[in-house]
Participant: 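First the structure, which I've put down as structure tokens, then a few questions once you've had a look.
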Amino acid sequence: MSALDNRPLLTLESVDQPEQQLAHYQQLLKQHGSPLLVFDANVLRNKFESLQKALPGVDLYYAVKAHPDSHIVSVIDALGGGFDIASAGEMDLLLKHKISGRRTIHTHPIKKDQEIRDALRFGATTFVVDNLYELKKLVNYRSRIGVLLRVSFRSESAKVDLSKKFGCSPDEVIELVSAAEKLGIHIKGLSFHVGSQVDNAAKHVEAVHACHSLMEQINLSADKPLSVLDIGGGFPADYALAGFDIQTFCAPIRDALSALPSDWHIIAEPGRYLIAPAVTSITTVAGKSHRNGFVWYYLDDGIYGSYSGQLFDHAVYPLQVFRGGEKHASIIAGPTCDSIDVVAENILMPSLEIGDLIVGHQMGAYTAATKTRFNSLPDAKLIVENL
Ligand SMILES: Cc1ncc(COP(=O)(O)O)c(C=O)c1O
């Protein structure tokens, strides 16, 4: 038997005024159908401001890949945020809002020539590389760009270890900066991503210290000193619903940054922390059965849809039901014909009826972004509140 699924599950007993919440969700379903993803713009504004306060002096570039949606872009735009982009599709999304390429960093370390030209036409001037082959691709465009060199800092605690795939090792930095200089390419500074959804800030701190010392060493003899440090993303979402506090999380990062020269430009590329809590999934129980000692609930959204992050992003989303009482070993499955399409296996929960709602919290990051249309089922419609 599979292990018990211990994710947070909110029931009638564990929530204040669940009737109001339920009435609100039911109203949305009546108006827009099921399944839905509900984006609350106020939550995004709130998180953006909290991260700004937690990292004063750091310019925030929203990582569009986390949830490439037009409404989300418009909120970040109004807040004066920048954008971390990695593809022509992401640029197209920003173009619809007439956002200048100058407010973006192109962070994909590996680019085809066409992609570089698309980004230049869009107006991007900051690019990221992590090896000599990529530096050479930029030679023809060197007068129009500034480059960040991405450094790898592997993290055991990150749910998604992004330094596994990209970034040169700290040992290669000095050599690559001098190779760039010989090619006439201006390296403005260093960047890193310690991995997404980290447990604590230890890797950020280690990476800031290491980059600080490398940049100072390079600046001793550089014609044009390095003065930009991009500390990436990684700031976690509160999937455990444990009252995560970004001020406390960032305190050691603030300390590490306070040692840097005051004229350096520090930027970050947060995705998950900003958008995960701003989106809630609402699904409906479409069917129910009793099989092999479990109660099975079949939803109208699942692993191929809004819950795709459980597979691709290794996230486990807190769930909420609007029933209480005795709990039974249950399985929550998605709507496709595939048996991998299971949202929660062996979860203890109150008995639900067909037509009941199941709500998923913290579902804004790497959810809709990775959905597919398997079985040609309709995907969740995004509804926007408080825009
Ligand atoms: C280059 C880059 N920047 C920023 C992000 C956003 O990271 P997070 O969602 O952990 O804040 C990612 C995530 O994949 C990334 O690859």
Side-chain angles (χ1 to χ4, degrees), residues 5 7-15 17-40 67 69 241 276-291 294-311 315-364 367-385:
D5 185 322
R7 77 181 70 204
L9 176 75
L10 305 177
T11 62
L12 272 194
E13 289 90 6
S14 54
V15 173
Q17 300 182 312
E19 306 78 16
Q20 278 183 12
Q21 247 181 326
L22 179 60
H24 178 60
Y25 292 141
Q26 278 172 333
Q27 174 57 34
L28 289 176
L29 289 188
K30 200 166 155 205
Q31 214 179 331
H32 305 284
S34 179
L36 296 177
L37 283 173
V38 184
F39 164 47
D40 184 342
H67 198 143
D69 173 78
L241 299 183
V279 179
T280 303
S281 144
I282 312 177
T283 63
T284 305
V285 176
K288 175 175 177 179
S289 74
H290 297 266
R291 304 178 60 247
F294 287 97
V295 195
W296 284 70
Y297 299 103
Y298 300 90
L299 306 183
D300 56 7
D301 200 354
I303 294 294
Y304 285 89
S306 305
Y307 285 84
S308 59
Q310 291 199 179
L311 200 61
V316 181
Y317 308 109
L319 299 175
Q320 180 171 9
V321 296
F322 295 90
R323 300 266 179 187
E326 199 184 332
K327 291 181 173 168
H328 308 275
S330 309
I331 295 180
I332 304 174
T336 69
C337 299
D338 190 359
S339 56
I340 201 180
D341 190 5
V342 168
V343 171
E345 198 150 343
N346 197 7
I347 185 168
L348 287 176
M349 58 179 219
S351 192
L352 306 185
E353 297 302 330
I354 292 173
D356 277 7
L357 313 187
I358 295 191
V359 167
H361 292 284
Q362 304 279 330
M363 285 194 59
T367 52
T370 48
K371 72 186 173 202
T372 74
R373 294 296 301 273
F374 180 54
N375 264 174
S376 305
L377 287 160
D379 51 6
K381 194 164 159 192
L382 189 87
I383 301 303
V384 184
E385 296 190 312

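We number each residue from 1, following the sequence as shown.
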Participant: Going by side chain to side chain contact (heavy atoms under 4.5 Å, CB included), name the residues that satisfy it together with Asp300, two or more places apart in sequence or in a different chain.
Facilitator: Ser34, Pro35, Thr283, Thr284
Participant: Check Pro8 against Leu241 and note the closest heavy-atom contact, atom names and distance.
Facilitator: CB-CD1, 4.1 Å
Participant: With rounding to the nearest 0.5 angstrom, report the OG to CG distance, Ser308 to Asp341.
Facilitator: 10.5 Å
Participant: Could you tell me whether a side-chain N or O of His67 sits under 3.5 Å from a main-chain N or O of Gly364, the two making a donor and an acceptor?
Facilitator: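 Looks like yes, one N/O pair under 3.5 Å.
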Participant: If we ignore hydrogens and angles and just use 3.5 Å, is the side chain of Tyr297 paired with the main-chain N or O of Leu352 as donor and acceptor?
Facilitator: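 Such a contact is found between Tyr297 side chain and Leu352 backbone.
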Participant: Taking all non-hydrogen atoms of both residues into account, name the closest pair between Ile282 and Tyr25 and its distance.
Facilitator: CD1-CD2, 3.3 Å
Participant: Report the distance from atom CG of Leu9 to atom CD1 of Ile347, rounding to the nearest 0.5 Å.
Facilitator: 5.0 Å
Participant: Do His361 and Leu10 have side-chain heavy atoms sitting under 4.5 Å apart?
Facilitator: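 The answer is yes; the side chains approach within 4.5 Å.
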Participant: If every non-hydrogen atom of Phe322 is compared with every non-hydrogen atom of Leu357, which pair is closest and at what distance?
Facilitator: CD1-O, 4.3 Å
Participant: How many angstroms lie between NE2 in His32 and CD in Gln27, if you round to the nearest 0.5 Å?
Facilitator: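 It is 8.0 Å, given to the nearest 0.5 Å.
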Participant: Ser306 pairs by side-chain hydrogen bond (donor to acceptor under 3.5 Å, both in side chains) with which of Asp301, Thr280, Thr367?
Facilitator: Asp301
Participant: Between Val285 and Glu353, is the side-chain contact (heavy atoms from CB on, under 4.5 Å) condition met? List the steps.
Facilitator: CA-CA 7 Å; Val285 176; Glu353 297 302 330; over 6 Å; no
Participant: Using a 3.5 Å distance criterion without hydrogens, assess whether the side chain of Glu385 forms a donor-acceptor pair with backbone atoms of Val38.
Facilitator: no
Participant: With sequence neighbours excluded, what pairs up with Asp40 under the salt bridge (Lys or Arg N to Asp or Glu O under 4.0 Å) test?
Facilitator: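 If we apply the salt bridge (Lys or Arg N to Asp or Glu O under 4.0 Å) test to Asp40, skipping adjacent residues, there are no hits.
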Participant: Go through the structure and list residues passing salt bridge (Lys or Arg N to Asp or Glu O under 4.0 Å) with Asp338, not counting sequence neighbours.
Facilitator: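 Applying salt bridge (Lys or Arg N to Asp or Glu O under 4.0 Å) to Asp338 gives none.
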Participant: Is the shortest heavy-atom distance from the side chain of Met349 to the side chain of Leu319 under 4.5 Å?
Facilitator: no
Participant: Does Leu377 reach the side chain of Thr336, with side-chain heavy atoms less than 4.5 Å apart?
Facilitator: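 In contact.
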Participant: Strictly distance-based, threshold 3.5 Å: is any side-chain N or O of Asn375 a donor or acceptor partner for the main-chain N or O of Cys337?
Facilitator: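 Yes, the answer is positive, given that a donor and an acceptor are paired below the 3.5 Å cut-off.
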Participant: Any non-hydrogen side-chain atom of Val343 less than 4.5 Å from a side-chain atom of Tyr317?
Facilitator: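 Of all side-chain heavy-atom pairs linking Tyr317 with Val343, none is under 4.5 Å.
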Participant: Which heavy atom of Pro335 sits nearest a heavy atom of Gly302, and at what distance?
Facilitator: CD-N, 3.6 Å
Participant: First locate atom CG of Leu299, then atom CD1 of Ile358, and finally report the distance between them rounded to the nearest 0.5 Å.
Facilitator: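 One finds 4.5 Å between CG of Leu299 and CD1 of Ile358.
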Participant: Between Lys327 and Thr11, is a side-chain contact (heavy atoms from CB on, under 4.5 Å) present by the stated rule, with each step listed?
Facilitator: CA-CA 10 Å; Lys327 291 181 173 168; Thr11 62; 4.2 Å; yes
Participant: Does a side-chain heavy-atom distance below 4.5 Å link Phe294 with Asn346?
Facilitator: yes
Participant: Listed by chain and number, what are the salt bridge (Lys or Arg N to Asp or Glu O under 4.0 Å) partners of Asp5, not counting sequence neighbours?
Facilitator: Arg7
Participant: Hey, could you give me each pair passing salt bridge (Lys or Arg N to Asp or Glu O under 4.0 Å) that has a residue in residues 367-383? Not counting sequence neighbours.
Facilitator: Lys371-Asp379
Participant: List the atom of Arg323, the atom of Pro350, and the distance in Å for their closest heavy-atom pair.
Facilitator: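 Closest approach of Arg323 to Pro350, heavy atoms only: O-CG, 3.5 Å.
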Participant: Please check if atom CD1 in Ile340 has more than 12 non-hydrogen atoms from other residues, nucleotides or ligands closer than 6.0 Å.
Facilitator: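 Result for CD1/Ile340: open.
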Participant: Report the residues that fulfil side chain to side chain donor-acceptor pair (under 3.5 Å) with Ser14, sequence neighbours left out, ordered by chain and then residue number.
Facilitator: none
Participant: Which class fits the ring pair Tyr304 and Phe374: parallel under 30°, tilted 30 to 60°, perpendicular over 60°?
Facilitator: tilted
Participant: Roughly how far apart are Phe39 CZ and Met363 CE, rounded to 0.5 Å?
Facilitator: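 Reported to 0.5 Å precision, the distance equals 15.5 Å.
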